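Notes follow once the structure below has been shown.
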Amino acid sequence: MHSSSLLKHLVPFITRTSQRRLAAYAQSDLVLHNDPVLPIIDFSSFASKNETNDYPRDMIEKLANACEHVGFFYAIGHGIPNELLLRTLSVTRQLFDLDSKIKNQYAARLSANSSKLNQQFRGGLARGYQSVGENVTNAKRDRHEGFDLYRDLEDNHPLRLQFNDKNLSNKKLPDYPELAQGRNPWPKEFPIFKETLTEYTAAMLRTGERVMRAIALSLNLPLNHFESTFNESFWVIRCIKYPAVHQNESKSPEYGHGCGEHSDYGWLTFVNQDPDSHNCLHVRTTDTTKATYVAADPIIVNEQIALTCNIGDILAFITNHKYRSTRHCVISPVKPARSRISTPFFFEPNLDVKLRINETTECYYGEYLTNKVRNNFNYYNDETK
Ligand SMILES: O=C(O)CCC(=O)C(=O)O
Ligand SMILES: [Fe+2]
């Protein structure tokens with residue numbers, strides 16, 4: 001039996017799932033429970049936004065329970081074919097296999113200094129390629145390569161147009177110009193990346209809507225309660241490669257884990273992770289006496305790849321922390337395992353949704369996100385770089 005209170009709430013569905021055993025040991029100083037059990041929730045009843053009266057009560061209760069006590073769950077019935085999930089991972093792996101000269105042409109840091117409104121934002125605040133160690137979490141460099149994509153607002157989108165030159169003297173403009181004006185720097189040498197990620201985005205947006213409907217019901221709110229907050233979702237995708245490390249390489253004063261411990265920012269995160277990846281994504285339990293984790297390994301349920309889903313800080317905040325935004329981290333794969341690819345999709349509010357982000361502050365989601373993103377990179381915080 002597990003003693004942590006998180007695990008008491010987990011449902012023993014594991015016998016219905018096909019999954020591989022965990023790698024035998026826990027890396028570094030983390031204490032790891034060896035049963036990667038998170039609740040498994042089926043969202044197939046929420047594909048439509050038409051209200052009906054016969055939503056499965058047991059599923060909604062299970063979802064409420066998962067959001068309150070765990071903050072993580074496996075989503076099935078999400079509507080995305082396995083083939084698209086796997087193709088996205090495979091194309092992302094190929095992207096990172098490109099020559100670094102090509103990848104660096106699309107580097108996020110190239111646009112980091114273009115902070116003036118009237119400049120052409122080629123990338124615009126962290127869009128594009130990041131080499132290993134550029135991302136910083138808890139003051140340590142993360143051991144991953146990334147390629148970040150954000151919603152690209154259309155040319156004539158009012159949230160983009162508001163920053164046009166003729167409006168620049170308008171003192172009341174919101175403070176998220178880079179996000180609204182940025183463009184994803186799609187590598188022209190590898191057009192399949194744009195094609196695939198665009199298809200993935202469309203599918204993930206439908207999934208996000210599905211899950212947010214179920215979340216609304218789980219909070220005793222109307223099915224479409226959150227619709228107006230995400231109908232122009234300013235989604236984010238992080239394409240990530242975690243290189244495999246040697247066992248003795250895994251600790252260093254400068255470098256932390258594959259991705260240091262954090263919680264996510266907004267509504268919901270859906271992690272599409274490498275099916276080969278084991279013992280990497282670690283979810284913190286509610287044990288306050290010491291840092292303990294469960295591994296959220298990839299699972300397949302009834303031949304369907306489950307998405308690993310977690311609650312973001314804003315959803316936690318607007319529910320008065322009834323729903324948990326659970327901290328998690330990614331431990332680098334250890335050789336001889338191969339590098340790990342994941343493509344987390346962050347289903348987020350519209351840029352111009354006004355949010356209360358803590359007890360005293362209300363701001364636009366775009367402003368909140370701008371602050372969060374700047375803190376992830378040293379070059380935004382250190383003018384000399
Ligand atoms: O790669 C993963 O599995 C998760 C990454 C993550 O937690 C994040 O990007 O916020
Ligand atoms: Fe995360």
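Ligands are counted one by one from 1 in listed order, and the atoms in each one are counted from 1 as well. Residue numbers count from 1 along this sequence. These figures come from a predicted structure and were not determined experimentally.
- Inclusion of H262 in the first shell of the Fe ion (ligand 2) is supported: an N, O or S atom falls under 2.8 Å.
- No donor-acceptor pair closer than 3.5 Å links the side chain of N135 to the backbone N or O of H144.
- Counting just the N/O/S atoms of H328, the one with the shortest distance to the Fe ion (ligand 2) is named NE2.
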What does the contact table look like for ligand 1 (nitrogen or oxygen on each side, cut-off under 3.5 Å)?
from     : atom 1 : to   : atom 2 : distance (Å)
ligand 1 : 1 (O)  : Y242 : OH     : 2.7
ligand 1 : 1 (O)  : R340 : NH1    : 3.1
ligand 1 : 1 (O)  : S342 : OG     : 2.6
ligand 1 : 3 (O)  : R340 : NH1    : 3.1
ligand 1 : 3 (O)  : R340 : NH2    : 2.9
ligand 1 : 7 (O)  : H262 : NE2    : 3.1
ligand 1 : 7 (O)  : H328 : NE2    : 3.0
ligand 1 : 10 (O) : H262 : NE2    : 3.0
ligand 1 : 10 (O) : D264 : OD1    : 3.1

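- Nearest to the Fe ion (ligand 2), among the N, O or S atoms that D264 has, is OD1.
- Screening residues 349-358 for salt bridge (charged side-chain N to carboxylate O under 4.0 Å, His left out) gives no qualifying pairs among residues at least two apart or on separate chains.
- For residues 207-235, the set of pairs meeting the salt bridge (charged side-chain N to carboxylate O under 4.0 Å, His left out) definition, not counting sequence neighbours, comprises K49-E227, R151-E232, R206-E209, E209-R213.
- Looking only at atom types and distance, the side chain of E145 has a donor-acceptor partner in the side chain of Y129 under 3.5 Å away.
- Residues I237 and T201 form a side-chain contact, since some pair of their non-hydrogen atoms from C-beta on lies under 4.5 Å apart.
- Within the 3.5 Å criterion, the main-chain N or O of A107 finds no donor-acceptor partner in the side chain of Q130.
- Looking at residues two or more places apart in sequence or on another chain, you find no ring pair (Phe, Tyr, Trp, His ring centres under 6.0 Å) involving Y200.
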